[in-house]
Amino acid sequence: QVQLVESGGGLVQAGGSLRLSCAASGRTFSRHAMGWFRQAPGKERDFVAAINWSGSSTAYADSVKGRFTISRVNAKNTVYLQMNSLKPEDTAVYYCADRYGNDYYIRRDEYDYWGQGTQVTVSS
């Protein structure tokens, strides 16, 4: 059973930065694609960023392109989301997700495993 644990969330002022981490356990980390999604109160869980198993391919939502960077260190079974130039509209619970596969994936229903989420709050 795959377990995902996010960390790194918190309260930050607009324009600031945070780095989220997602540690995976319970399976071999390689050959698994990873993604980050976020959910604001009263809204659906939306795609943020995705990365393929090797880290060679990534994808981003238009709203975060140029500000967020997804990366992974397979030796540490960890995927990261570096968030810069944060805006109040980035406030949400951020979830990491996992699935077996060679590509990256941007749809919520393409992922098999989810973490518990970490809160990110950006004040204006």
Undergrad: Heavy-atom distance under 4.5 Å between the side chains of Trp53 and His32, does that happen here?
TA: no
Undergrad: What are the two closest heavy atoms between Gln1 and Tyr113, and how far apart are they?
TA: NE2-CE2, 3.9 Å
Undergrad: Identify every side-chain donor-acceptor pair in residues 13-23 under 3.5 Å, counting partners at least two apart or on other chains, and give the distances.
TA:
{"residue": "Ser17", "atom": "OG", "partner": "Asn84", "partner atom": "OD1", "Å": "2.9"}

Undergrad: Between Tyr94 and Val48, what is the shortest heavy-atom contact and its length?
TA: CE2-CG2, 4.3 Å
Undergrad: Should the pair Tyr111 and Phe37 be assigned to parallel (<30°), tilted (30 to 60°) or perpendicular (>60°) ring geometry?
TA: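 Answer is perpendicular, since the angle exceeds 60°.
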Undergrad: Please check this pair: side chain of Tyr60 against backbone of Ile70, looking for a donor-acceptor N/O pair closer than 3.5 Å.
TA: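 Such a contact is found between Tyr60 side chain and Ile70 backbone.
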Undergrad: I want to check something: taking the side chain as every heavy atom from C-beta on, are Met83 and Trp36 in contact at a cut-off of under 4.5 Å?
TA: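 Side-chain contact under 4.5 Å: no.
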Undergrad: Measure from the side-chain N and O atoms of Arg72 to the backbone N and O of Gly55, and report whether any donor-acceptor pair falls under 3.5 Å.
TA: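 Here the side-chain-to-backbone pair does not exist.
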Undergrad: Please determine whether residues Met34 and Tyr105 belong to a single hydrophobic cluster, defined as Ile, Leu, Val, Met, Phe, Trp and Tyr linked transitively by side-chain heavy-atom distances below 4.5 Å.
TA: no
Undergrad: Is a side-chain N or O of Arg45 found less than 3.5 angstrom from the main chain of Arg108, in a donor-acceptor match?
TA: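 Not confirmed, Arg45 side chain does not pair with Arg108 backbone.
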Undergrad: So how far is it from Asp103 CG to Ile51 CD1, rounded to the nearest 0.5 Å?
TA: 12.0 Å
Undergrad: Check whether any side-chain N or O of Ser56 sits under 3.5 Å from a backbone N or O of Ser54 as a donor-acceptor pair, and report yes or no.
TA: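 A pair under 3.5 Å: no.
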Undergrad: Does the Thr91 side chain pair with the main chain of Val122, one donor and one acceptor, at a distance under 3.5 Å?
TA: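 Between the backbone of Val122 and the side chain of Thr91 there is a qualifying donor-acceptor contact (under 3.5 Å).
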Undergrad: How far apart are the closest heavy atoms of Ile106 and Ala59, and which atoms are they?
TA: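 Result for this residue pair: CG2-CB, 4.1 Å.
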Undergrad: Does Val120 belong to the same Ile/Leu/Val/Met/Phe/Trp/Tyr cluster as Val79, with side-chain heavy atoms less than 4.5 Å apart forming each link?
TA: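 Yes, one cluster joins them.
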Undergrad: Let's go through Asp90 and Lys87 carefully: what are the C-alpha distance in whole Å and the side-chain angles of both, what is the deciding distance for salt bridge (charged side-chain N to carboxylate O under 4.0 Å, His left out) to 0.1 Å, and is it a yes or a no?
TA: CA-CA 5 Å; Asp90 294 318; Lys87 306 175 181 180; over 6 Å; no
Undergrad: Could I get the full list of ring-ring contact (aromatic ring centres under 6.0 Å, His included) partners for Tyr95, not counting sequence neighbours?
TA: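 Partners of Tyr95 under the ring-ring contact (aromatic ring centres under 6.0 Å, His included) test: none.
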Undergrad: Rounded to the nearest 0.5 Å, how far does OG of Ser124 lie from CD of Glu89?
TA: 10.0 Å
Undergrad: Counting only heavy atoms not in Lys65, do more than 12 fall under 6.0 Å of its NZ?
TA: yes
Undergrad: Val64 and Val93: same hydrophobic cluster, using ILVMFWY side-chain contacts below 4.5 Å?
TA: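 Val64 does not cluster with Val93.
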Undergrad: Drop me the distance from Glu44's CD to Arg38's CZ, to the nearest 0.5 angstrom.
TA: 14.0 Å
Undergrad: Who are the salt bridge (charged side-chain N to carboxylate O under 4.0 Å, His left out) partners of Arg99, not counting sequence neighbours?
TA: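 Partners of Arg99 under the salt bridge (charged side-chain N to carboxylate O under 4.0 Å, His left out) test: none.
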Undergrad: I'd like to know whether CZ of Phe68 has more than 12 heavy-atom contacts from other residues, nucleotides or ligands below 6.0 angstrom.
TA: yes
Undergrad: Counting only N and O atoms by type, is there a donor-acceptor contact under 3.5 Å from the side chain of Gln3 to the main-chain atoms of Gly26?
TA: no
Undergrad: Quick one, Tyr80 and Thr69 - any side-chain contact, counting heavy atoms below 4.5 Å?
TA: no
Undergrad: With rounding to the nearest 0.5 angstrom, report the CG to CG distance, Asn52 to Asn102.
TA: 8.5 Å
Undergrad: Taking all atoms of both residues into account, what is the closest heavy-atom pair of Thr121 and Gln119, and its distance?
TA: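 Answer, listing the atom of Thr121 first, then Gln119: OG1-NE2, 3.3 Å.
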Undergrad: Between atom CH2 of Trp114 and atom CD of Glu6, what is the distance when rounded to the nearest 0.5 Å?
TA: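 Answer for the CH2-CD pair, Trp114 versus Glu6, is 9.5 Å.
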Undergrad: According to a 4.5 Å side-chain heavy-atom criterion applied to Ile, Leu, Val, Met, Phe, Trp and Tyr, with indirect links allowed, do Val12 and Leu81 form part of one hydrophobic cluster?
TA: yes
